[in-house]
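Below, chain A is the first sequence line, B the second, and so on; all start at residue 1. Nothing here was measured: the structure is a model prediction, and the numbers come from that model.
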Amino acid sequence: MSSYDDNDAFEAAARVPLSQRAMGAQAHPYLNDLNPAQREAVEALDGPVLMLAGAGTGKTKALTTRIAHLLRTGTARPHEILAVTFTNKAAREMKNRVARHLGETVEGMPWLGTFHAICVKLLRRHAELVGLKPNFTILDTDDQIRLLKQLISAANIDEKRWPARQLAGIIDGWKNQARTPDRIPAAEASAFDGKGPALYAAYQERLRTLNAVDFGDLLLHMLVIFQTHEDVLAQYRRWFRFIMVDEYQDTNVAQYLWLRLLASEHRNICCVGDDDQSIYGWRGAEVGNILRFEKDFPGARVIRLEQNYRSTPHILAAASGVIAANQGRLGKTLWTEEQDGEKVRLIGHWDGEEEARWIGEELESMQQGTRGLRPFNLDQCAILVRASHQMRAFEDRFLTIGLPYRVIGGPRFYERLEIRDAMAYFRVAVSPDDDLAFERIVNTPKRGLGEKAIQKMQIAARANGVSLFEGARLVLAAGDLAGRAKGQLTALLDGFGRWHGAVLDQRESHVELAETILEESGYVAHWQNDKTPEAPGRLENLKELVKALENFENLQGFLEHVALIMDNETEEGGPKVSIMTLHGAKGLEFPAVFLPGWEDGLFPSQRAMDEQGLKGLEEERRLAYVGITRAEELCTISFAANRRIYGQWQSALPSRFIDELPEQHVDVLTPPGLYGGGYGAAGMDSSFGSGIEQRAASANVYNSPGWKRLQARGAQRGMAQPQESRNMVIDMTAVSAFTTGDRVFHQKFGYGVVADIEGDKLEVAFDKAGRKKIVAKFVVSADAADDVPF
DNA sequence: CCTCATATACTTTTT
DNA sequence: GTATATGAGG
């Protein structure tokens, strides 16, 4: 169907003399933009290359220039280059940057994409070799779980003791390891009450009858095909004459084998990665792949990109100090030509709330410029947390002080097909001239309104300078449509007429209206009639969508909300501080970075250490390294002595990673003197200095003198004192102060009116959030809201 | 069939 | 503490 079916094309390209690539910088001025290491990586086109690219060393630049160079020198044609990434975002970025190198005239690269995207393409062509039809569907995680649930109950297994989630994890793990059901090692056969392998086999069988695959299958099926069909493998070996892999440290076993099969003949493979940034071991990534590269490809050139263009020397030194504690690294020494800069700042807090408060205040003053720093715009600041539940403290705090923020990596719910369709219906109902939305759903479900019909509408719309919706009306009026299409379109437009009217007169609740729209439009029926395995899930998602509507006043408000959280590209409003997980921050950079929650147990995560031991700890340490190296100018690490976890107050030790920060690159800040000027500061001062050697010697954080002092201080003052005294302020205004009808304010729900009082609980009818039962102390009189010292 | 109450578990996340 | 899942009951 497309160029890659054309065998002659690559045969011809294969005959392009390799000597052409010896052309130097004169012919290729872009080479002058590179530092020596980058240039070496770009010009080493022949044979295996391992590009060890530290954080901020211009990895993507080297990689994209390398592709451009392959093409510019005529060494390869676009379709002969296989370039794999892990995320669509990375693939997009690479495509854009290659295109920029080459000018717009060059055709796209058909084989630049994620492992999964490329495997889908390949698998559609060879589906029958693994018993699938080319139009197989791809199940997402939810579908997967649903299927497994069925299988588990069919096998008479107690779903409670053996949850489908767990089985899904096990099967994913096997797939990552490139294990088909018949190749489960004996040691793992006992998984899932000994029924793991059988259920895995049943699951694969079921997928096949459904003509479906899950994400892991995309790779595994292709791998099996390569392993069992030499002719197919041979074809692609000749095809993909040059292979490039981004983020090689994140590859799992299946991906590794897949790549090795394709590359082992011509060995033109260039893997780019950083073993120090391997943070996805928990989902099957094998650091071993990158560590082993030179063994797999003897004679490989190892090129280290070590000049960092991102961070100041102090930040680099701090990151290097931490990562140095890991064993078995390939080893890199990041350096920079930068001279000055702030040390990494370290600050301890009493509890998590205070940490959030301090960061909020710091962000506010940083916009003006504070502590002798240049002013920072909020867009230049980010808060990187270990676990997403840490985000809430910041959201709550920033909401109350009105600091604009954005959470990156939220739920993906709104990206689903059925949700976007439903949203499109809502959008047209709210504003009929939303052409994009109208076009999306005009023929979904199928109404016999194909390309031609839509074209007619568009022509009519454009000719009269009206919306597509009006255009459709005109087409109907002109009698330009016949038969089924005519009737269907009439019905649809009538429907939207009614629904739009209902939006306007607001008599019906928006939740009911939404249900009506989905029903009457036939969209729900569309999925009910759909027999594919994912249909039930989609219906459930639609239900969920309707339920989510309850939290909003009307459809407009809901759509606005979703639009904001959906496309962070076209985001409106002023600058905002970003909040995201450390994992989510990989590959990004910010002038100012806050790293809160550096406490043992939280970071490094207790679970990672319990389950993975030293391996887990080292991955956590790499995560710390990733976090620090996100910062360009200012990096602020903080921890709290107390934190509420699952509703319980727990005290914690400062993270062991804090002790690994080289002290000459760290500035210990004193927290503001709310309680007599800094238990934290006193503790911290001494924790530095002598603490480091002691801890290194004993490897026991509990022995840290700094920590002991910190604890002693805390005990002296009474651990609970600070937050109690804070609540007191509220208590006094609260408990007895309210009567029914009072106007009150709540941190999260905003303003409302007291409807009922039961003991210490109030029932409040909130303006926006509806009726809720609230413990009185969390609410203040609306008049006093401005004075409350939150 | 839907709602309410109780129990339970709970990093990280892309495809 | 909160979200989710399941079971009982209306």
Could you please name the option among [options] that lies closest to any side-chain atom of [X]?
{"X": "A:S605", "options": "B:dT15, B:dT13, B:dT11", "result": "B:dT11"}
{"X": "A:R392", "options": "B:dT15, B:dC10, C:dT2", "result": "C:dT2"}
{"X": "A:N88", "options": "B:dT15, B:dT11, B:dT13", "result": "B:dT15"}
{"X": "A:T114", "options": "B:dT13, B:dT11, B:dT15", "result": "B:dT15"}
{"X": "A:R607", "options": "B:dT15, B:dT11, B:dT12", "result": "B:dT11"}
{"X": "A:S388", "options": "B:dT12, B:dT14, B:dT11", "result": "B:dT12"}
{"X": "A:E620", "options": "B:dT11, B:dT15, B:dT13", "result": "B:dT11"}

Parallel, tilted or perpendicular: rings of A:W258 and A:F226 (30°, 60°)
tilted
What's the [atom1]-[atom2] distance between [X] and [N], to the nearest Å?
{"X": "A:R165", "N": "B:dT11", "atom1": "CZ", "atom2": "P", "result": "11 Å"}
{"X": "A:L384", "N": "B:dT12", "atom1": "CG", "atom2": "P", "result": "15 Å"}
{"X": "A:I645", "N": "B:dA9", "atom1": "CD1", "atom2": "P", "result": "18 Å"}
{"X": "A:E395", "N": "C:dT2", "atom1": "CD", "atom2": "C1'", "result": "14 Å"}
{"X": "A:D396", "N": "C:dT2", "atom1": "CG", "atom2": "C1'", "result": "12 Å"}
{"X": "A:M580", "N": "B:dT12", "atom1": "CE", "atom2": "C1'", "result": "15 Å"}
{"X": "A:E353", "N": "C:dG1", "atom1": "CD", "atom2": "P", "result": "12 Å"}
{"X": "A:K89", "N": "B:dT13", "atom1": "NZ", "atom2": "C1'", "result": "14 Å"}

Ring centers of A:H126, A:Y236 separated by less than 6.0 Å
yes
Run the ring-ring contact (aromatic ring centres under 6.0 Å, His included) test on A:Y405 and A:F394 for me, step by step, so that the C-alpha distance in whole Å, both residues' side-chain angles and the decisive distance to 0.1 Å come before the verdict.
CA-CA 9 Å; A:Y405 69 90; A:F394 293 100; 9.7 Å; no
Under 4.0 angstrom between A:Y646 side-chain N/O and B:dT11 OP1 or OP2
yes
Quick one: does A:N211's side chain have a donor or acceptor within less than 3.5 Å of a partner on A:K133's backbone?
yes
Between A:D276 and A:R622, does any side-chain N to carboxylate O distance fall below 4.0 Å?
no
Taking 5.5 Å and 30° as the limits, would you call A:Y280 and the base of B:dT13 a stacked pair?
no
